[in-house]
Amino acid sequence: MFKKIKKINTVDTKYKTKIELSKIKEGSNLFNEFIIYKDKENLSVFDRKCDHSGGKIISRDGTHICPLHNWKFNPKIGKYNNGVTKRKLKFLKKNDNLIIQNTETIPKLLTTNKLNKVKIRFVNHAFVIFESENIKFATDPWAIGPAFANGWWLKKPTHVDWIKELNSCNFIFISHNHPDHLNKLTLSKIRKDMLFLIPDFFTDSTGIFLEELGLKNLFRGKFLYEYEFVNSDLKFCILKSGDFREDSGIYFTLGNFSALLDVDSNSINFMRLPKVTFYASSFAGGSTGFPIMFENYSESEKKIIVHNNIKILKKLKFNNLKKIKPDFFMPYAGFFSEEMERDKYVKTNNIKNKIENYKSFCDKNSIHLLNVDNYQIFEFEGENLLSQKKQTKNKKLNFENQKYFNLIKKNYRQIDEKYIKNYFLNSKFYDNLILYITLTNDSFKKNVATYKIDFTSKLIKFSKIKKISFSKKTIKYLHITSRLDAFLETVYNKNPWEDLMIGFQCKIFRVPNEYNVNFWHHFSNIYVTSKNVRTSNKCLKCIKLNQKIVNEMII
């Protein structure tokens with residue numbers, strides 16, 4: 001039903017910035033959007049956007065650092081401390097000024113003059129249904145059940161007609177394989193012949209996941225290619241997240257209506273963004289266990305980091321909105337909640353952005369904010385919004401979260417120590433690291449068992465211990481205290497360990513207080529089932545990054 005047309009058309013947009021040469025001193029110079037390094041008469045110019053997550057590089061004590069994940073950049077050699085090279089920008093010297101040139105290649109789908117009527121229905125989280133006269137499709141359906149080791153639950157109840165509405169679609173777009181976008185329980189309600197549009201990721205983890213569920217009508221779209229859905233006005237292009245993660249968004253047109261959904265992507269398409277009528281993006285933040293579940297930080301330090309993280313996320317969205325200049329912005333993909341009683345501490349302290357936090361900026365920039373807390377159905381005719389409506393009242397699905405949660409806990413309460421030991425011994429992980437695993441109860445107060453796994457030699461050592469010690473200064477230590485059911489579900493199913501951290505199901509203490517990138521990558525992308533891989537093994541430089549999350553983030 002999909003027809004590949006061609007490599008997407010592009011438009012080159014040139015930017016020029018003028019800086020007085022007299023303002024450029026010897027060594028490193030930070031300007032609003034650029035880093036300039038001067039070595040006598042030689043100049044090197046870089047933008048201040050971090051190549052990892054798109055944060056703005058700042059300077060602290062002579063070190064250039066991204067406050068999101070602590071990537072350090074050395075402008076003298078033009079590289080980050082993990083070896084990733086940053087692209088130099090072209091420039092000219094003219095009339096005592098430095099003229100910086102930057103060219104961006106922007107993807108562009110052709111629109112027509114046809115005033116298609118387009119109905120957009122927000123269902124839940126990133127689950128949205130788009131409908132026009134000859135096409136109906138949905139994105140990232142998560143309607144029931146938990147995600148991330150049962151730490152995430154839907155904040156909003158889903159209307160009872162979601163199954164009927166979803167199964168009446170022509171196809172479903174899945175942006176990536178995180179369980180709040182590729183949700184097993186939700187997908188179990190979909191007809192087996194449903195057509196799925198998925199990105200052509202290197203690992204095909206999304207495709208493998210769907211096929212294992214018996215959903216085999218899959219179309220793997222290549223990035224930056226224009227496609228159309230036959231016998232419809234829909235033209236679309238899949239855009240890649242601008243980092244090492246297997247994540248994506250979709251850019252499409254229906255007549256003269258155009259839309260971009262970048263979901264959770266960081267710096268989608270490397271910030272080469274088209275002008276569209278409608279833009280939807282995640283907005284809330286708070287989607288990781290850092291720093292709430294990290295014991296190296298005091299409560300006051302955690303509050304500062306949480307505040308800074310959501311503040312930075314908001315600024316990044318503002319930057320996207322400035323570049324895209326959409327007529328309408330719909331914040332979405334942020335409607336999860338820490339609903340279980342055992343996660344009350346997280347729910348209280350894991351502060352998130354609200355839709356209202358974006359209103360002032362949108363008003364100042366003549367962008368119409370579509371607030372799905374107030375309205376869930378938006379009807380367009382071409383580029384014009386005709387109406388905003390609420391969904392039908394009193395028809396919300398009564399999914400019993402607590403009953404389902406109790407069933408999960410019942411299924412994962414029996415410790416098979418032999419299996420756990422073999423799980424680690426067969427992991428083929430080798431690093432200068434000793435891992436301590438403490439299995440505990442819901443409140444993290446009653447310890448069931450503690451294990452020591454020594455990865456410092458290729459012959460992995462596993463033992464059950466009573467006391468934890470950080471004895472050798474030359475060795476790194478990682479202590480993970482995990483709720484019993486969440487740990488057993490992860491290990492018994494070879495799920496990604498990042499789900500434990502994202503889902504707030506473990507506490508973490510590190511010596512030294514650095515991100516153990518090799519460990520988390522191995523147990524989230526290599527030593528997992530093929531359907532659960534989260535990043536591409538091709539991106540070795542990014543995978544091997546030295547993401548140190550240290551106290552320097554506390555600003």
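Bear in mind the structure is a predicted one, so any value in this text is a computation, not a measurement.
- Side-chain contact between Y279 and N320: present, with at least one pair of heavy atoms (C-beta onward) separated by less than 4.5 Å.
- Figure legend: cation-pi geometry between K352 and F336, with NZ or CZ positioned under 6.0 Å from the six-membered ring centre and within 45° of its axis.
- Put simply, CG on N532 and CD on E498 are 9.5 Å apart, with the number rounded to the nearest 0.5 Å.
- With L239 as the partner, the side chain to side chain contact (heavy atoms under 4.5 Å, CB included) test is satisfied by one option alone out of L224, I8, I250: L224.
- Of the possible polar contacts, one joining the N432 side chain to the T474 backbone as a donor-acceptor pair under 3.5 Å is found.
- Using bins of under 30°, 30° to 60° and over 60° for the plane-to-plane angle, the ring pair Y225/Y227 lands in the tilted bin.
- Relative ring orientation between F519 and F523 is described as tilted, the plane-to-plane angle lying within the 30° to 60° band.
- Between N308 and I304 there is a side-chain heavy-atom pair separated by less than 4.5 Å.
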Kindly indicate, with the supporting measurements, whether the criterion side chain to side chain contact (heavy atoms under 4.5 Å, CB included) is fulfilled by I198 and L210. CA-CA 10 Å; I198 60 175; L210 290 168; 3.8 Å; yes
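- With rounding to the nearest 0.5 angstrom, the NE2 atom of H479 is 12.0 Å from the CG atom of N296.
- Remark: the backbone N or O of F283 is paired with a side-chain donor or acceptor of N353 at under 3.5 angstrom.
- Side-chain atoms of D262 and S281 form a donor-acceptor pair, as typed in the model, at a separation below 3.5 Å.
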I'd like to know whether L98 forms a side chain to side chain contact (heavy atoms under 4.5 Å, CB included) with V45, so could you lay out the CA-CA distance, the side-chain angles of the two residues, the decisive distance to 0.1 Å, and finally the verdict. CA-CA 10 Å; L98 186 73; V45 181; 4.1 Å; yes
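- Judged by distance alone, with hydrogens and angles left aside, the side-chain atoms of D247 form no donor-acceptor pair with the main-chain N or O of N266 at under 3.5 Å.
- Using cut-offs of 30° and 60° for the angle between ring planes, the H125 and H181 rings count as tilted.
- Taking CD of Q505 as the start and CD1 of I480 as the end, the distance is 13.0 Å to the nearest 0.5 Å.
- In this structure a side-chain-to-backbone donor-acceptor pair under 3.5 Å is missing from S282 to G334.
- Here the closest heavy-atom approach between residue S258 and residue T253 is recorded as CB-CG2, 3.9 Å.
- Without hydrogens or angle criteria, N350 side chain to V346 main chain gives no donor-acceptor distance under 3.5 Å.
- A donor-acceptor pair shorter than 3.5 Å can be found between the side chains of T203 and E246.
- Contact check on E356 versus K359 returns no salt bridge, with no Lys/Arg side-chain nitrogen under 4.0 Å from an Asp/Glu carboxylate oxygen.
- More than 12 non-hydrogen atoms from other residues, nucleotides or ligands lie less than 6.0 angstrom from NZ of K7.
- Annotation for S530 and I208: closest pair OG-CG2, 3.6 Å, computed over non-hydrogen atoms.
- With contacts defined as side-chain heavy-atom distances shorter than 4.5 Å, the pair K347/S337 qualifies.
- Cation-pi geometry between K507 and F444 is met: the NZ or CZ atom falls under 6.0 Å from the ring centre, inside 45° of the normal.
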Before giving the answer on ring-ring contact (aromatic ring centres under 6.0 Å, His included), spell out for Y423 and Y527 the whole-Å C-alpha distance, their side-chain angles and the decisive distance to 0.1 Å. CA-CA 10 Å; Y423 170 86; Y527 195 51; 4.9 Å; yes
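- No salt bridge links D39 with K76; every basic N to acidic carboxylate O contact stays at or beyond 4.0 Å.
- Looking only at distances, a side-chain donor or acceptor of E26 sits under 3.5 Å from a matching main-chain atom of K40.
- Separation of atoms OH (Y436) and CZ (F470) is listed at 6.5 Å; rounding is to 0.5 Å.
- The closest side-chain heavy-atom distance from R48 to F31 is not below 4.5 Å.
- Using modelled atom types and a 3.5 Å distance limit, the side chains of S267 and K49 yield no donor-acceptor pair.
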For the pair Y515 and F290, evaluate ring-ring contact (aromatic ring centres under 6.0 Å, His included) and give the outcome as yes or no after the intermediate values. CA-CA 11 Å; Y515 183 62; F290 180 81; 8.8 Å; no
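- For the pair D180 (side chain) and A147 (backbone), a donor-acceptor distance under 3.5 Å is absent.
- Counting heavy atoms from C-beta outward, T288 and M293 have side chains that stay 4.5 Å or more apart.
- By the neighbour-count criterion of 12 heavy atoms within 6.0 Å, atom NZ of K38 is densely surrounded, having more than that number from other residues, nucleotides or ligands.
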Could you go through the side-chain hydrogen bond (donor to acceptor under 3.5 Å, both in side chains) check for Y251 and N269 one step at a time? CA-CA 11 Å; Y251 164 40; N269 199 41; over 6 Å; no
Mind running ring-ring contact (aromatic ring centres under 6.0 Å, His included) on F335 and F122 for me, showing each step along the way? CA-CA 11 Å; F335 297 100; F122 170 80; 5.3 Å; yes
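- Under a 3.5 Å cut-off, the side chain of D454 and the backbone N or O of T456 do form a donor-acceptor pair.
- Ring planes of Y358 and F318: perpendicular class, angle over 60° (limits at 30 and 60°).
- For R272 (side chain) and P107 (main-chain N/O), no donor-acceptor pair under 3.5 Å exists by modelled atom type.
- Looking at every heavy atom in both residues, G207 comes nearest to R220 through CA-NH2, 3.9 Å.
- If you check the side chains of S298 and S300, you find a donor sitting under 3.5 Å from an acceptor.
- More than 12 heavy atoms of other residues, nucleotides or ligands shown are found within 6.0 angstrom of CG on N426.
- When side chains are defined from C-beta on, N74 does not count as touching K72, because their heavy atoms never get closer than 4.5 Å.
- Using a 4.5 Å cut-off on side-chain heavy atoms (C-beta onward), K275 and K325 make contact.
- Remark: H64 NE2 to S59 OG distance equals 5.0 Å, nearest 0.5 Å.
- Atom OG in S44 sits 7.0 Å away from atom CZ in F91 (nearest 0.5 Å).
- In the displayed structure, K155 atom NZ is contacted under 6.0 Å by at most 12 heavy atoms of other residues, nucleotides or ligands.
- Of the residues I508, L478, L435, D431, the one that meets the side chain to side chain contact (heavy atoms under 4.5 Å, CB included) test with N516 is L478.
- Closest heavy-atom contact between F329 and C362: CD2-SG, 4.0 Å.
- For K79, the NZ atom is loosely surrounded, since the number of other residues' heavy atoms within 6.0 Å does not exceed 12.
- The nearest pair of heavy atoms linking P331 to V372 is O-CG2, 4.1 Å.
- Residues F455 and Y430 keep their aromatic ring centres 6.0 Å or farther apart.
- A distance of 6.0 Å or more separates the ring centres of F46 and Y37.
- At most 12 non-hydrogen atoms from other residues, nucleotides or ligands lie less than 6.0 angstrom from NZ of K23.
- Without hydrogens or angle criteria, D140 side chain to S175 main chain gives a donor-acceptor distance under 3.5 Å.
- Nearest heavy atom pair, residue R510 against residue N513, reads NH2-OD1, 2.7 Å.
- Ring pair F173/F236: centre-to-centre distance not below 6.0 Å.
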